[in-house]
Amino acid sequence: MSDPSVPVGSLTVARAYWLLKSEPDVFGYTDLEQRVSEPWNGVRNYQARNFLRAMQPGDLCLFYHSQAQPSGVAGVACVLTPAVPDNLQFDESSAYYDPKSTPDNPRWSMVEVAAVAALPRFLALDALRTLPELEGMRLLQKGTRLSVMPVTADEFRVIVTAGGLDAASL
DNA sequence: GCCAACGTTGGC
DNA sequence: GCCAACGTTGGC
């Protein structure tokens, strides 16, 4: 985190940190590494959507593998764009089509993301639970199903450091 | 606005 | 596949 601030237009705002869930059988971190830019679309939960809308270019994300053996944090991704309407909501052939969405009043949003660095040491859920600094982390609370959620700067630093990355270089 | 029924998520 | 937890839907 050599540069904890990010220019947004003429302003400079504090960089924010997030966690994105993905099922590696569908789209894992190694898939992200092969893309220049990946639309984070298909999110159909209002809370998660609101977090997408709060994202700014330059924000960093923990890339979390869910429904995996084991589940855990695989790498770091970067937000490339502000939120824009999710293209899939208008696509009748998509599983993410929403008939209640109109181009004038889109319900769902997405951002573009890119890979930054894989964790040299994959951090499985049970490993995350052993880190005392993460006791209050949203991801680890009972019943948390959100696929997009905020992470504190401290949580982010603790996780990438435990995963073998130099947090200051991100 | 209440709430039951149903659907989805995700760890295990 | 099971089940807990949570979100959404729709009747009233």
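To find a chain, count down the sequence lines: A is the first, B the second, and so on, and within it residues start at 1.
Gln47(A) comes within 4.0 angstrom of sugar-phosphate atoms only, judged by non-hydrogen atoms across all strands, and of no base.
The two residues Glu112(A) and Pro39(A) have their closest heavy-atom pair at OE1-N, 3.3 Å. Nearest heavy-atom pair across Val116(A) and Tyr29(A) is N-OH, 3.2 Å.
By the 4.0 Å N-to-carboxylate-O rule, Arg157(A) lies close enough to Asp154(A) to be salt-bridged with it.
Put simply, the side chain of Val148(A) reaches to within 4.5 Å of the side chain of Met55(A), judged on heavy atoms. You'll find the side chain of Phe90(A) stays beyond 4.5 Å of the side chain of Trp108(A), heavy atoms only.
Boundaries of the chain A contact region on DNA chain B are dG7(B) to dC12(B), first to last in 5' to 3' order (nucleotide atom under 4.0 Å from a heavy atom).
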